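Basis for what follows: all heavy atoms, side chains included, without hydrogens, waters or symmetry-related copies. For this chain, numbers begin at 1 and follow the sequence in order. The structure displayed is predicted, hence computed values, not measured ones.
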Amino acid sequence: MMPQEKPAELMPKDASASAAGEDLWSAELEQAHRDLSELDVRFRRYAMRAPELLRGRKYEDMLYAAQAWPTFIGARKLAEFKRASRSACNLLRTIPGRFYRYDPARAVALYQVSSAAELEMLLSPPNGSETFISRGDFISTPQGFKCIEFNFTADLGGWEAGVLAAHLRGVPALASFLAEQPETLCFNDPIARLFHYILDTAPAEVIAKGALNVVFVMYHLEQDELATGVGFELSGRTLQAAAAAAAAAGAGFSTAVHFCRYEDLTTLHDRVYFGKTQIHAIVELDEYDQPPAIYQAFKRGGVLLFDGPLGPLASTKLNLALAWELAAAW
């Protein structure tokens, strides 16, 4: 049984804020939030009466404007969203290969590669599509979720979600509201999820050796970029997430995380090194043309590459249109 509405006396009283909020509230809007969860409806009603929660906020350690309010999604809606997201991802990651087989010449032109031979090489396994790191943008409608676009690693965004969650929990009015709720609340930090995913994806022989070394590769990495501001906050959270994932993997397991550019990496016998440290996984935070030696090591199984050269092809919104075209043709 869902909890009852909280007594009115627990809600801060502010006549002007309440009136402004009630003017925007409607039965249709309430039902939309109830579809997410009863808790989300309770929070919206509470927030409309809390002046502190009606103000926008800026945080110096975030690149983008922050949402003022969190969204609370219940188990039923979350399961629905997971099904839609996974289904869309599983479809869209296969579209470049399917369309190439359907119309090779047109695929070369649409994906803007130099030749059919190059596209065939990109698509030949391993091509990284089985391990894409992705995030879909959806609209929840009465007919179900509708996909707007799908973003893969270099275009992913959302890495700061854990930073935002920490800030929101520190807002006194929100902290007070959360403390009163009977539900068990949780937040999945995307950086933490990433490391668990890398561990799940890594070859068994790497895990058996008890260590996993990961590099985040960026084009424009200045000497002091990770020492201040957003870079410091995200790199710190990344190190914490790596340590937590290592602890979950078992006693004695370790992870190491580095931030660098591709020119800082070397290869030997199809293995990739950062200095003298062998690297097991590369996460690209920009769109890249991988150095040939790195790409060769990936193709021969010497390193994991998230997402690799097929990522930009998978990220294009063109694939949504091509999916409809292929569905009609088949």
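Residues Pro203 and Leu304 form a side-chain contact, since some pair of their non-hydrogen atoms from C-beta on lies under 4.5 Å apart. For the pair Val214/Phe195, a side-chain contact is recorded, criterion being any heavy-atom separation below 4.5 Å from C-beta on. At a threshold of 4.5 Å between non-hydrogen side-chain atoms, the residues Leu326 and Arg101 do not count as touching. The shortest distance between side-chain heavy atoms of Ser124 and Lys299 falls below 4.5 Å. By the 4.5 Å heavy-atom criterion applied to side chains, Ile191 and Glu160 are not counted as neighbours.
Distance check, rounded to the nearest 0.5 Å: CD of Glu118 to OH of Tyr111 gives 14.0 Å. For the atom pair CD1 of Ile279 and OG1 of Thr267, the computed distance is 12.5 Å after rounding to the nearest 0.5 Å. Summarising the geometry, atom CD belonging to Glu149 is positioned 13.5 Å from atom CG belonging to Leu318; distances are rounded to the nearest 0.5 Å. Taken to the nearest 0.5 Å, the CD atom of Gln278 stands 10.0 Å off from the CG atom of Leu268. A distance of 8.0 Å separates CD1 in Ile73 from CG in Asp40, rounded to the nearest 0.5 Å. Distance check, rounded to the nearest 0.5 Å: CG of Leu313 to CG of Asp307 gives 12.0 Å.
Here Phe187 is tied to no hydrophobic group at all, with no ILVMFWY side chain closer than 4.5 Å.
Distance alone, capped at 3.5 Å, places no donor-acceptor pair between the Asn90 side chain and the Ser87 backbone. Formation of a donor-acceptor pair under 3.5 Å by the Glu180 side chain with backbone atoms of Ser176 is not found in this model. One N or O on the side chain of Ser315 and one on the backbone of Gly311 form a donor-acceptor pair closer than 3.5 Å. Proximity of a side-chain donor or acceptor of Arg49 to a complementary backbone N or O of Arg45 within less than 3.5 Å is detected. Put simply, the side chain of Arg76 gets close to the backbone of Asp35: a donor and an acceptor are under 3.5 Å apart.
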Test side-chain contact (heavy atoms from CB on, under 4.5 Å) applied to Leu110 and Asp103, step by step: CA-CA 10 Å; Leu110 290 175; Asp103 191 340; over 6 Å; no
Stepwise side-chain contact (heavy atoms from CB on, under 4.5 Å) test for Val283 and Ile198: CA-CA 10 Å; Val283 181; Ile198 293 175; 4.0 Å; yes
Worked check of side-chain contact (heavy atoms from CB on, under 4.5 Å) between Phe298 and Val272: CA-CA 9 Å; Phe298 161 66; Val272 178; over 6 Å; no
Intermediate values then yes/no, salt bridge (Lys or Arg N to Asp or Glu O under 4.0 Å), Lys209 and Glu205: CA-CA 6 Å; Lys209 292 179 180 179; Glu205 56 268 25; over 6 Å; no
From CA spacing to verdict: side-chain contact (heavy atoms from CB on, under 4.5 Å), Leu174, Phe43: CA-CA 9 Å; Leu174 179 55; Phe43 174 68; 3.5 Å; yes
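A continuous path of hydrophobic side-chain contacts links Val171 to Leu185 [ILVMFWY only; heavy atoms under 4.5 Å]. Criterion: ILVMFWY side-chain heavy atoms under 4.5 Å apart, direct or through other members. Under it, Tyr46 and Leu168 are part of a common hydrophobic cluster. Cluster membership check: Val113 shares its hydrophobic cluster with Met121, using side-chain heavy-atom separations under 4.5 Å among Ile, Leu, Val, Met, Phe, Trp and Tyr. Under a hydrophobic clustering in which Ile, Leu, Val, Met, Phe, Trp and Tyr are joined whenever their side-chain heavy atoms come within less than 4.5 Å, directly or via other members, Leu29 and Met48 fall into the same cluster. Using a 4.5 Å cut-off between side-chain heavy atoms of Ile, Leu, Val, Met, Phe, Trp and Tyr, with links allowed through other members, Leu36 and Trp69 fall into different hydrophobic clusters.
Listed here is the closest heavy atom pair of Phe150 and Ser85: CZ-O, 3.4 Å. Taking all atoms of both residues into account, the shortest heavy-atom contact from Ala281 to Phe306 is CB-CE1, 4.0 Å. Residues Val257 and Ala242 approach most closely at CG2-CB, 3.5 Å, considering heavy atoms. When all heavy atoms of Ala116 and Tyr100 are compared, the pair lying nearest together is O-OH, 3.6 Å. Closest heavy-atom contact between Ile95 and Asn319: CG2-OD1, 3.4 Å. Listed here is the closest heavy atom pair of Gly162 and Asp189: CA-OD2, 3.6 Å.
One finds a salt bridge joining Arg42 and Glu183 here, because a Lys/Arg side-chain nitrogen approaches an Asp/Glu carboxylate oxygen to under 4.0 Å.
Heavy-atom neighbours of Arg271 CZ from other residues, nucleotides or ligands within 6.0 Å: at or below the threshold of 12. The environment of Glu263 atom CD is dense: over 12 non-hydrogen atoms of other residues, nucleotides or ligands sit within 6.0 angstrom.
For Tyr273 and Asn213, the side-chain atoms include no donor-acceptor pair closer than 3.5 Å. Residues Gln290 and Tyr262 bring no donor and acceptor atom of their side chains to less than 3.5 Å of each other.
Ring orientation note: the planes of Phe138 and Phe145 are nearly perpendicular, at an angle over 60° on the 30°/60° scale.
Contacts of Asp270 classified as side-chain hydrogen bond (donor to acceptor under 3.5 Å, both in side chains), with partners at least two apart in sequence or in another chain: Arg300.
Relative to the ring axis of Phe72, Lys77 does not place its NZ or CZ within 45° and under 6.0 Å from the centre.
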